[in-house]
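What follows is one structure encoded as structure tokens, with my remarks underneath.
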Amino acid sequence: MLDIKFIRENPEAVRQAIEKKGLTLELDKLLELDQEVQALKRTIEKIQAERNANAKAAARARPEERAAMIERGKEIGRQLAELEPRLRTLEAQLKQLLYLTPTLPWEGAPVGPDDSFNVETRVHGNPRTFLFEPLDHVALMEKNGWGDFERAAKVSGSRSYILKGDLMLYEQALLRFALDRMIQAGFTPMSVPSLTKEEALYAHGQFPAARDQVYAVDGGEAYLAGTAEVLLNYLHAGEILAESELPKTYCALSPCFRSEAGSAGRDVRGLMRVHQFNKVEQYVLCKADLDESNRWFETMLSISEGILQALELPYRVIEVSTGDMGLGKYRQVDLETWVPSENRYRETHSCSALLDWQARRAGLRYRDERGKIHYAYTLNNTALATPRILVMLLENHQNEDGTVNVPRAVQPYFGKEKLEPLAL
RNA sequence: GGAGGGAUGGCUGAGUGGUUGAAAGCGGCGGUCUUGAAAACCGUUGUAGACGCAAGUCUACCGGGGGUUCGAAUCCCUCUCCCUCCGCCA
């Protein structure tokens with residue numbers, strides 16, 4: 001969400017951002033509504049001032065004067081009763097449009113309507129040349145008894161999975177490994193609820209634009225968060241923090257839920273795209289300073305790259321285009337990790353800077369040393385998400401006999417050098 | 001699930017229809033005093049918005065929403081959250 005004042009003063013810049021991001025926001029309608037709301041507010045405030053003065057006078061008036069004042073007050077009440085509902089309607093409409101206003105993307109972002117305009121900026125590592133016929137991750141799981149998709153579907157429907165034996169333990173080891181990397185980087189480890197309220201989803205930005213991606217529970221009274229970012233971003237909602245408390249650097253491990261509406265038929269097989277997964281998320285709330293935001297962006301990105309390097313996986317760095325980065329993003333860089341069975345890279349990490357877009361929605365503010373109040377800046381990135389990363393880990397590190405090697409960095413967490421078949 | 005009690009400014013807490021945007025205390029900030037500090041004393045200290053060159057004036061907000069009234073922190077309805085007790089339970 002942008003500052004309405006900024007939109008008023010820079011309509012062309014906003015119009016450009018809307019175009020670059022391929023949005024359909026009616027900016028003229030928004031500006032018009034804003035004018036109407038402003039004018040109506042002024043009118044109403046004037047009448048309210050009169051009402052207040054009249055009521056105050058009536059309190060002290062002699063009884064014979066009071067009757068006329070009460071009459072006058074009733075008349076004012078009738079005027080307000082006519083105007084106030086109109087204001088409420090207009091304000092609600094304006095708010096809905098404001099929710100759809102985009103962050104202006106950074107000047108370095110590739111401009112284009114979709115992911116085909118994303119730019120590969122770096123590649124790390126080389127895809128492995130197999131001296132045998134490698135299996136895909138589903139085949140590896142079947143061969144070793146590491147999972148059960150059929151029964152998962154029976155129990156939970158499509159896009160569900162069951163991990164068994166060493167693979168189940170491997171997932172736990174990886175999550176703990178990722179948490180430790182975050183702790184080493186100075187982030188505060190947290191567990192947060194997956195159940196969340198509607199307000200938090202508005203503040204995060206997923207509502208109202210991408211409402212269909214979110215599971216509603218309890219008849220729409222609560223929602224299952226698609227990422228811990230939703231919760232972390234709402235932790236300090238409505239607060240005014242001291243600048244000395246910033247930055248807040250959090251990492252959270254949480255189950256994540258995604259309806260995957262609109263992706264029917266894509267990646268239906270295996271662990272690539274599932275309805276429920278686990279993620280260690282990085283989140284930073286820092287002061288409203290572009291340099292500082294940029295520094296955190298680089299820091300978070302390098303943490304994730306460090307994790308992929310420690311996992312000995314080949315990956316590439318993608319500068320995400322304006323049309324693919326989403327409403328609130330100032331900058332987005334994805335890490336894509338090599339999937340041998342698909343002979344291509346697939347997204348495993350997504351690093352985003354949103355400036356004050358989320359902070360405005362959530363009311364994340366701080367007071368600087370001079371006492372001035374600002375909206376903070378927010379950033380987030382994936383540290384590690386399972387089971388998707390298991391796809392890459394299984395396929396890239398498989399041996400001819402079907403066992404899978406564990407990267408040295410994870411061995412202390414897993415306790416063994418290899419994943420072995422489930423004993424039957 | 002049942003019964004009851006609450007929600008007021010950074011915190012504690014007064015306030016049941018009329019100069020209350022809100023007493024008092026604590027905390028914070030500025031000052032006096034002091035070699036410095038403490039103590040004491042004095043002053044100041046919510047957020048958002050409108051108008052104005054400014055000084056300043058005005059509006060809204062006492063958990064959220066709605067209502068009654070000339071006038072609501074105070075009365076009514078509703079929702080949310082917190083606390084106590086009972087029941088159930090990982």
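Predicted model, so just to flag it, every value in this text is computed and none were measured. Chain letters run A, B, ... following the sequence lines, proteins first, then strands; residues in each count from 1.
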**Report entry** B/U16 to B/G10 separation - P atoms, rounded to the nearest Å
**Finding:** 23 Å
Requested in this report: Could you work out the separation of B/A3 and B/C62 based on their C1' atoms and round it to a whole Å?
Outcome: 29 Å
Query raised in the report: For RNA chain B, whose closest nucleotide is more 5', that of A/A55 or that of A/D3?
Result: A/A55
Query raised in the report: Contact class for A/K56 vs. all strands (heavy atom < 4.0 Å): base, sugar-phosphate, or nothing?
Result: nothing
Report task. Rounded off to whole Å, could you give me the CE-to-P distance for the A/M69 and B/G18 pair? Result -> 18 Å
Query raised in the report: Roughly, in whole Å, what's the span from CD in A/E243 to P in B/G10?
Result: 19 Å
Query - Gap in Å between the two C1' atoms, one belonging to B/C11 and one to B/G18, rounded - result: 30 Å
Query - Sidechain N-carboxylate O distance under 4.0 Å for A/R273, A/E260 - result: yes
Report summary line: B/C26 -> Watson-Crick or G-U wobble partner, both distances under 3.5 Å, gives B/G10
Requested in this report: Return the minimal non-hydrogen interatomic distance between A/P113 and A/F117, and the atom names on each side.
Outcome: CD-CE1, 3.1 Å
Query raised in the report: Nearest-Å distance, NZ (A/K372) to P (B/U47)?
Result: 12 Å
Query raised in the report: For atom P, what is the distance between B/A24 and B/C77, given to the nearest Å?
Result: 34 Å
Requested in this report: Mind calculating the distance between CG (A/N52) and P (B/G18) to the nearest angstrom?
Outcome: 15 Å
**Report entry** Same-atom distance (P) from B/C61 to B/G65, integer angstrom
**Finding:** 9 Å
**Report entry** Whole-Å distance separating the CD atom of A/Q48 from the P atom of B/A48
**Finding:** 19 Å
Report task. Just call it for A/I44: base, sugar-phosphate, or nothing, with non-hydrogen atoms closer than 4.0 Å on any strand. Result -> nothing
Query raised in the report: Which whole number of Å gives the distance between the C1' atom of B/G9 and that of B/G5?
Result: 24 Å
Query raised in the report: Which comes earlier along RNA chain B counting from the 5' end, the contact point of A/R365 or that of A/I70, where each point is its nearest nucleotide?
Result: A/R365
Query raised in the report: Do A/R86 and A/E82 meet the salt-bridge criterion of a basic N to acidic O distance under 4.0 Å?
Result: no
Query raised in the report: Does the distance from a Lys or Arg side-chain N to an Asp or Glu carboxylate O, for A/D166 and A/K418, drop under 4.0 Å?
Result: no
Query raised in the report: For B/A38, which nucleotide is its Watson-Crick or G-U wobble mate, given both distances must be under 3.5 Å?
Result: none
Query - Identified pairing partner of B/U84, criterion: Watson-Crick or G-U wobble below 3.5 Å - result: B/A3
**Report entry** A/R60 vs B/G71: side-chain N/O to OP1/OP2 distance below 4.0 Å
**Finding:** no
**Report entry** Whole-Å P distance, B/G87 and B/G15
**Finding:** 36 Å
Report summary line: To the nearest angstrom, the CD-C1' distance between A/E239 and B/U47 comes to 15 Å
Report task. Between B/G49 and B/A40, how far apart are the C1' atoms? Round to whole Å, please. Result -> 41 Å
Query raised in the report: What is the minimum heavy-atom distance between A/E319 and A/Q332, and which atoms define it?
Result: OE2-O, 3.7 Å
Query raised in the report: Rounded to whole angstrom units, what separation is found between the CD atom of A/Q35 and the C1' atom of B/A50?
Result: 14 Å
